[in-house]
Amino acid sequence: MTSTALTPGRIFGVGLGPGDPELITRKAARLVGDADVVAYYSGTHGRSIARAIAADLIPDSALEERLVYPVTTGTVDHPGGYDGAIADFYDESAARLAVHLDAGRTVVVLCEGDPLFYGSYMYLHDRLATRYDAEVVPGVTSFSAAAAAAAEPLVRRTDVLTILPGTLPEPELARRLADTDGAVIMKLGRTFPAVRNALAQSGRLADAVYVERASMDGQRIAPVADVDPADVPYFSVILAPGDRAPRNAGIADRSRPAVDTRSEPVCAHEVLVIGLGPAGEKWLTPEASDALASVDHVVGYGPYVDRVPVRAGLQRHSTGNTVEIDRARFALDLALAGEKVAVVSGGDAGIFGMASAVFEAARDDKYDSVPIRVLPGV
């Protein structure tokens with residue numbers, strides 16, 4: 001008698017969206033309803049947000065595999081530490097699902113949000129997709145739902161959107177927030193105080209929006225500055241919209257400072273043209289360092305602006321390397337409106353630097369009242 005080998009089953013990583021069951025895609029709903037096995041992660045408390053989202057779709061005939069994390073935070077008794085414990089957990093979970101796949105069953109892994117966006121399904125995919133037929137069904141991400149709930153456009157046209165985990169070191173978060181157009185910060189909870197500090201340092205706290213449990217019961221929307229750090233769950237995000245100001249979009253595309261209509265004329269401020277030296281802080285002169293600490297705007301080629309320390313209240317205006325005159329005019333316009341502004345260059349600003357562009361742009365009669373001071377660099 002000849003035995004017939006079973007055809008291996010298929011595995012689907014199915015995104016269920018951010019929480020509202022009505023945001024489940026038709027394809028995701030069909031696959032869950034047809035599944036032989038439904039698998040989902042849960043914390044040590046045993047509850048699963050993903051299962052709760054799809055509860056009405058799971059057939060009574062389906063086998064359920066609850067994959068319980070051995071640990072979520074804190075220390076672990078494992079020779080490999082937290083990473084080692086989690087790696088073993090994913091190995092064991094993949095082995096459990098492989099038993100069903102080898103038996104020819106269709107396995108659906110439920111994932112809140114999108115499976116490949118900070119999703120845990122991807123670790124099963126890494127372990128099983130080379131051995132079985134695996135398909136990923138995308139879902140609405142939590143930050144998409146948060147932006148919709150807050151009615152906050154994140155980016156427009158050529159703006160850059162940066163997704164940041166709140167677990168990054170505070171100085172790194174501040175740097176990245178200062179150098180992008182729109183930003184989304186995930187993974188909050190205990191990281192919230194450091195994230196709020198980073199927003200303040202990058203000058204973005206006033207515009208940042210906090211969204212908790214987007215599309216779920218208990219949804220909350222508030223200015224980040226008004227949120228109590230002791231009351232921030234993991235399932236929350238911060239939105240720093242890009243269209244509050246056209247950062248890094250190119251000086252030629254920026255709006256000029258508004259003409260002042262007050263009865264008293266605005267006193268033009270000087271433009272500082274600063275040489276940053278050839279490399280890091282050790283090559284920056286004390287004079288240049290003090291000057292950078294005194295201004296409210298820094299204008300320059302992106303890599304040079306990146307070398308200026310991030311601090312609260314400082315607006316950074318980065319451009320490409322071929323718009324020197326536009327960049328100079330933008331800085332002069334800011335100064336004409338009474339703003340404290342510095343134009344930065346690598347090395348010495350007077351040697352193949354921005355000083356010549358600023359003086360050339362200043363030939364326009366409208367800038368006659370704007371003083372220009374060049375601070376040399378190494």
Side-chain angles (χ1 to χ4, degrees), residues 174-175 177-181 201-204 206-207 244-262 264-277 281 284-350 352-377:
R175 183 187 71 80
L177 284 166
D179 293 335
T180 191
D181 301 307
Q201 292 170 34
S202 61
R204 310 197 70 161
D207 299 305
R244 69 188 184 94
R247 306 167 64 89
N248 298 335
I251 292 301
D253 294 333
R254 294 181 185 273
S255 299
R256 299 300 184 188
V259 176
D260 192 276
T261 57
R262 297 174 298 181
E264 296 183 6
V266 175
C267 181
H269 207 281
E270 71 177 345
V271 170
L272 299 177
V273 187
I274 301 176
L276 300 176
E281 291 183 5
L284 186 67
T285 68
E287 179 187 40
S289 181
D290 290 344
L292 290 171
S294 72
V295 299
D296 299 318
H297 302 266
V298 172
V299 178
Y301 176 43
Y304 298 143
V305 172
D306 288 347
R307 286 165 52 184
V308 177
V310 175
R311 60 175 170 80
L314 180 65
Q315 296 187 47
R316 297 147 64 93
H317 309 281
S318 301
T319 69
N321 199 26
T322 59
V323 289
E324 290 87 353
I325 295 297
D326 285 334
R327 190 187 305 153
R329 290 185 184 124
F330 177 70
L332 288 163
D333 283 337
L334 285 171
L336 192 62
E339 298 289 337
K340 298 177 181 179
V341 58
V343 179
V344 295
S345 286
D348 183 276
F352 298 114
M354 277 300 298
S356 59
V358 173
F359 282 116
E360 181 179 345
R363 291 176 182 172
D364 191 318
D365 292 344
K366 75 173 184 176
Y367 300 126
D368 285 349
S369 63
V370 180
I372 299 170
R373 183 156 58 101
V374 179
L375 281 57

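Here the side chains of L177 and Q201 are not in contact, with every heavy-atom distance at 4.5 Å or above. Residues V298 and H317 form no side-chain contact, since every pair of their non-hydrogen atoms from C-beta on lies 4.5 Å or further apart. The closest side-chain heavy-atom distance from T180 to R204 is below 4.5 Å. Proximity of R307 to Y304: side-chain heavy atoms (C-beta onward) are separated by under 4.5 Å at one or more points. Under the 4.5 Å side-chain criterion, counting only non-hydrogen atoms from C-beta, E324 is not in contact with Y301. Looking at D326 and F330, their side chains never come closer than 4.5 Å, going by heavy atoms from C-beta outward.
For the residue pair A362 and L332, the shortest heavy atom distance occurs at N-CD1, 3.8 Å. Counting all heavy atoms, side chain and backbone alike, V305 lies closest to V299 at CG2-C, 4.1 Å. The two residues S202 and V310 come nearest to each other via the heavy atoms CA-CG1, 3.5 Å. Across all their heavy atoms, S294 and A291 have their closest contact at OG-O, 2.7 Å. Heavy atoms only, all atoms of each residue included: I325 and A357 are closest at CD1-O, 3.8 Å. Summarising the geometry of L314 relative to P309, their closest heavy-atom pair is CD2-O, 3.7 Å, with the distance given to 0.1 Å.
Residues in residues 355-370 take part in these salt bridge (Lys or Arg N to Asp or Glu O under 4.0 Å) pairs, two or more places apart or across chains: D333-K366.
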(request) Kindly determine whether V374 and F359 satisfy side chain to side chain contact (heavy atoms under 4.5 Å, CB included), including the steps that lead there. (result) CA-CA 10 Å; V374 179; F359 282 116; 3.8 Å; yes
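Here T285 pairs with E287, A288 under the side chain to side chain contact (heavy atoms under 4.5 Å, CB included) rule; sequence neighbours left out. Under the salt bridge (Lys or Arg N to Asp or Glu O under 4.0 Å) criterion, R373 pairs with E270, not counting sequence neighbours. Residues satisfying the side chain to side chain donor-acceptor pair (under 3.5 Å) criterion with R175, sequence neighbours excluded, are E172. Legend: residues meeting side chain to side chain contact (heavy atoms under 4.5 Å, CB included) with S369, ordered by chain and number and at least two apart, are A268, L336.
Side chain of R316 to backbone of V308: a donor-acceptor contact under 3.5 angstrom is found.
Rounding to the nearest 0.5 Å gives a distance of 10.0 Å between CG of D296 and CG of L334.
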Compile the donor-acceptor pairs under 3.5 Å between side chains in residues 337-348 and protein atoms, sequence neighbours left out, one pair per line.
unit_1: E339; atom_1: OE1; unit_2: H297; atom_2: NE2; d: 3.0
unit_1: S345; atom_1: OG; unit_2: M354; atom_2: N; d: 2.9
unit_1: D348; atom_1: OD1; unit_2: G350; atom_2: N; d: 2.7
unit_1: D348; atom_1: OD2; unit_2: G377; atom_2: N; d: 3.0

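A side-chain contact (heavy atoms from CB on, under 4.5 Å) with L375 is found for exactly one of L276, L272, L292, D290, namely L272.
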